[in-house]
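Notes follow the structure.
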Amino acid sequence: MKKVLVVGNGAREHAIAHALSRSPQGPELYLFMKAKNPGLAAMAKSFRIAKLDDFNALSEFVKEVNPDFAVIGPEDPLSAGVVDFLSTLGVSSMGPVKELAKLETSKTFTRELLENNSIPANIMFRKFASTDGVKEYIENDLNNEFVVKPDGLTGGKGVMVSGEHLQNADEAVEYCREVLKTHPSAIVEEKIEGEEFSLMCFSDGKTVKAMPPVQDHKRLLPGDQGPNTGGMGSYSYADHLLQFLTKEEVEESEKIVQMTCDAIRKDTGKEYKGIMYAGFMLTKNGLKLLEYNARFGDPEAMNVLPIMKSDFVEVCEAVINGTLDQMTLSFDNKATVCKYVVPDGYPKNPAAGQKIELDEENSEALVFHAAVDQKDDGLYMTTSRAIGFVGIADDIGEAERIAEDAIKAVKGPVFHREDIGTKELLQKRVSHMEAVRNGKTL
Ligand code: GLY
């Protein structure tokens with residue numbers, strides 16, 4: 001029987017474990033988690049609780065378990081070199097080595113990779129190791145429409161956009177000064193407008209295969225208002241397109257990811273094995289790359305993994321062995337809507353340690369645990385996204401209803417975005433994209 005080690009403890013990793021458990025090969029799952037996720041713990045043959053970059057604890061666990069391969073969920077252990085470390089123990093991983101995780105951990109690595117290899121979809125950018133020249137670049141080259149990002153992992157926070165978080169070049173200079181206290185450089189990019197989508201691809205270092213595109217919702221409140229979050233929910237369509245995105249645009253996006261994979265191999269001599277998650281924006285000038293992540297999206301993993309028809313164990317092995325070209329990757333033609341339930345006050349002042357009650361047994365939706373603790377008397381939230389509910393159906397309206405009904409049955413001081421996956425919001429996306437394509441905005 002195959003033994004699979006999963007590193008991580010969120011709802012994304014619960015979805016990964018769920019997909020592995022559906023494999024006809026019936027693998028045994030071993031979890032390395034920084035906190036006990038009850039959903040994951042219940043699926044695991046055994047688990048270990050430790051910091052995800054505690055390689056001594058990982059080494060002990062690996063020696064006990066002797067896994068056939070590992071799947072790495074979050075970016076932090078990738079950034080700490082967990083794949084390189086596991087490889088010294090003879091364990092191969094679905095996940096890139098530290099040097100290639102730079103695709104996510106260094107914004108400039110990625111922008112320069114695209115630039116040096118003439119890969120389309122790049123945008124105007126400049127890296128700054130000091131604040132010298134920031135003001136001039138913004139005023140003269142970017143026409144005061146800009147985005148400033150720290151050059152490193154920020155957990156989805158830290159991206160400041162002109163007109164929203166920063167009002168002029170002077171404020172951008174001040175923000176760069178802040179960023180440079182904790183990061184070696186800041187990156188200033190042109191601001192673009194359009195609709196965002198996530199295209200997650202498997203890569204074995206040579207071949208790239210895409211999963212259905214998904215749209216995430218970063219803002220806390222309905223109508224895309226309020227602060228940014230880790231992602232409040234996401235949806236995908238049964239035809240594996242999005243309503244504002246054509247088949248040709250999806251194919252072009254996949255080609256860009258393939259070109260990036262080839263460029264990595266050419267420039268570094270190393271093969272990228274794992275997930276290449278491309279965050280694209282469709283603009284009036286076509287596809288533009290916002291960022292790459294080196295892992296499955298959270299919540300996006302909860303949309304695509306449950307509808308994957310292919311054996312996920314086989315897919316992981318194809319990624320590791322470089323045989324992805326010999327595999328057909330297929331997904332059910334089902335629509336999905338994922339909604340996260342979060343504690344009241346999230347993300348700024350979440351009420352910690354509050355009880356949440358749900359009836360998982362009778363839920364029509366899939367239920368993925370994130371930041372929740374199982375105590376003797378029930379389930380308690382911590383301070384982050386608590387539970388992901390996923391409705392799956394032939395059409396998106398029904399998928400949305402399934403997710404909503406499941407959430408309505410939840411008891412506790414929780415909040416969620418009711419508008420994700422609704423007809424109104426989907427139509428708003430389409431209308432916005434139409435206006436953008438016609439040059440009617442910005
Ligand atoms: N959904 C955003 C992320 O996973 O980074």
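Ligands are counted one by one from 1 in listed order, and the atoms in each one are counted from 1 as well.
Contacts between Glu300 and ligand 1, counted as non-hydrogen atom pairs separated by less than 4.0 Å, involve the side chain only.
Nearest to atom 2 (C) of ligand 1 among the protein's heavy atoms is Tyr277 OH, 3.3 Å.
Between Tyr235 and the options Asp216, Val214, Val390, Val337, a side chain to side chain contact (heavy atoms under 4.5 Å, CB included) holds for only Val337.
Lys102 has no carboxylate O lying under 4.0 Å from a charged side-chain N of Glu99, or vice versa, which leaves the two without a salt bridge. Using a 4.0 Å cut-off between charged nitrogen and carboxylate oxygen, Lys339 and Glu400 count as a salt-bridge pair. Checked for salt-bridge contact, Lys218 and Glu196 meet the test: a charged N lies under 4.0 Å from a carboxylate O.
Ligand 1 has at least one atom lying under 4.0 Å from a heavy atom of Gly297. At least one heavy atom of Arg295 sits closer than 4.0 Å to an atom of ligand 1.
From His14, atom NE2 reaches atom CG of Leu31 across 9.0 Å, with rounding to the nearest 0.5 Å.
Counting atoms of ligand 1 from 1 in the listed order, those under 4.0 Å from a heavy atom of Asn293 are 5 (O). The distance from ligand 1 to the heavy atoms of Asp216 drops below 4.0 Å at these ligand atoms: 1 (N), 2 (C).
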